[in-house]
Amino acid sequence: MLCPRCNAPADTQSRFCIHCGATIGRVIRIGRDDSPGVNDVVVEHFGQVSRQHAEVVVEADRLEIRDLRSSNGTFVNGRRVGPMAEPFRLTDEIRFGSYVFNTSQLVPWIEQARGARSAPRVPAYNPQPPMPVPVVQSSPYGDRPMPGPTPGWPVAYAGFWLRFVAYVIDSLVLSVLGGVLTLLVAALTGLSLASMDFDLFGAVEAIVSALAHMFLVVPLLLVSTWLYFAMMESSSSQGTLGKMALGLRVTDLEGRPINFGRATGRFFSKIITSLIPFAIGYIVAGFSSRKQAIHDMIASCLVLRRAP
């Protein structure tokens, strides 16, 4: 028999495919995590689909589905199913939260589980180093495949510590820039405590000057930080000075350069990442399958190491 995921020959006595970790048997696992051996059918929909969302059990004459304690629930024709397996048909509407699942993705797995020798019809297996598993992303026009980095691209994701050091370098650069902007604004607003009289009038003057200084500096620092990240990550260097120093680049999910709009979305998505307590939104880049922080997932971006 053939593995429905990588089309490698599979032993009928084996529980998992030795090449990609896919399930070989009656159970089909569905979820967001594309790590080897976690799910058989991968659906990348961060807002609705859980890491391991549901499980389909293939019997000789029927199909059953059960929920794996997902966050948004599993529904068959609008009816929520629980941890106990319930029967369904491929013509039924299966929803994970509000996301409508394309049941045709189950057909190769069902045929394999019921003993079909020639399904799915794909070219003969050619043992090559495994490429990243294609995933499916929701779109207004239905499901569309979202492959990993372009074939031939060295898939080397940047881990948490590399990205942390790059962030420290960028913070130093932005601190120098912020200091220059602060001095310029201070000179323009006439903020000089040394020239003020320390009486009531002088104190009021100092407070007014300080407030004017703050209302000018804070927006300038925000705009300069945004332009620094968005313009450099969408440029030919594909990264800030910190990322360039460590040989990192920002790409889309297919390993291609991103434009200014996506770089801007990635920058402002860091607000959501920062709201998660204990910096978990950043730390998740250390153990997610493609080393993505929360803002990378929102903007559909990757941070890769440059080819040597």
Assigning hydrophobic clusters by single linkage (Ile, Leu, Val, Met, Phe, Trp, Tyr; side-chain heavy-atom cutoff under 4.5 Å), is [X] placed with [Y]?
| X | Y | answer |
| --- | --- | --- |
| Ile298 | Ile283 | yes |
| Ile271 | Leu227 | yes |
| Phe88 | Val58 | yes |
| Met84 | Phe96 | no |
| Leu174 | Met231 | yes |

Does any pair with a residue in [range] pass salt bridge (charged side-chain N to carboxylate O under 4.0 Å, His left out), and if so which ones, sequence neighbours excluded?
| range | value |
| --- | --- |
| residues 267-279 | none |
| residues 158-182 | Arg163-Asp296 |
| residues 224-239 | Glu233-Lys243, Glu233-Arg266 |

Which residues end up grouped with Phe75 if you chain together Ile, Leu, Val, Met, Phe, Trp and Tyr wherever their side-chain heavy atoms are less than 4.5 Å apart?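 None, because no other hydrophobic side chain comes under 4.5 Å of this residue.
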Shared-cluster residues of Leu162, by chain and number - hydrophobic side chains joined below 4.5 Å: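 Via sub-4.5 Å side-chain contacts, Leu162 links to Val165, Ile169, Leu246, Leu248, Val250, Ile258, Val303.
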Side-chain donor-acceptor pair under 3.5 Å between Asp33 and Asn39, yes or no?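 Asn39 and Asp33 do not have a side-chain donor-acceptor pair below 3.5 Å.
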Contacts of type side chain to side chain donor-acceptor pair (under 3.5 Å), residue [X], not counting sequence neighbours:
| X | value |
| --- | --- |
| Asn72 | none |
| Asn259 | none |
| Ser104 | Asn102 |

Pairs where residues 234-257 contributes a residue and the test ring-ring contact (aromatic ring centres under 6.0 Å, His included) is met, not counting sequence neighbours: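 For residues 234-257, and leaving out neighbouring residues, there are no ring-ring contact (aromatic ring centres under 6.0 Å, His included) pairs at all.
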What is the minimum heavy-atom distance between [X] and [Y], and which atoms define it?
| X | Y | result |
| --- | --- | --- |
| Ala293 | Ala285 | N-CB, 3.8 Å |
| Gln292 | Leu253 | NE2-CD2, 3.8 Å |
| Ala263 | Ala230 | CB-O, 3.5 Å |

Worked check of side chain to side chain contact (heavy atoms under 4.5 Å, CB included) between Ile110 and Ile28: CA-CA 8 Å; Ile110 294 171; Ile28 306 170; 4.1 Å; yes
Ion pair check, Arg95 and Glu93, cut-off under 4.0 Å: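 Between Glu93 and Arg95 there is a salt bridge, with a charged N closer than 4.0 Å to a carboxylate O.
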Rounded to the nearest 0.5 Å, what's the gap from CG on Leu63 to CG on Leu90? Could you check?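 The distance works out to 5.5 Å.
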Once you round to the nearest 0.5 Å, how far does OG1 of Thr103 lie from CZ of Arg89?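 The CZ atom of Arg89 is 11.5 Å from OG1 of Thr103, to the nearest 0.5 Å.
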Under 6.0 Å between ring centres, would you say that holds for Tyr282 and His295?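 Close enough - the centres of the two rings lie under 6.0 Å apart.
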Around atom CZ of Phe287, are there more than 12 heavy atoms of other residues, nucleotides or ligands at under 6.0 Å?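 Correct, the count exceeds 12.
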Sequence neighbours excluded, which residues qualify as ring-ring contact (aromatic ring centres under 6.0 Å, His included) partners of [X]?
| X | answer |
| --- | --- |
| Phe164 | Trp161 |
| Phe260 | Trp226 |
| Phe229 | Phe267 |

Using the rule given for side chain to side chain contact (heavy atoms under 4.5 Å, CB included), can you reason through Ile30 versus Val49, listing the C-alpha separation, both sets of side-chain angles and the distance that settles it, and then say yes or no? CA-CA 9 Å; Ile30 307 172; Val49 181; 5.7 Å; no
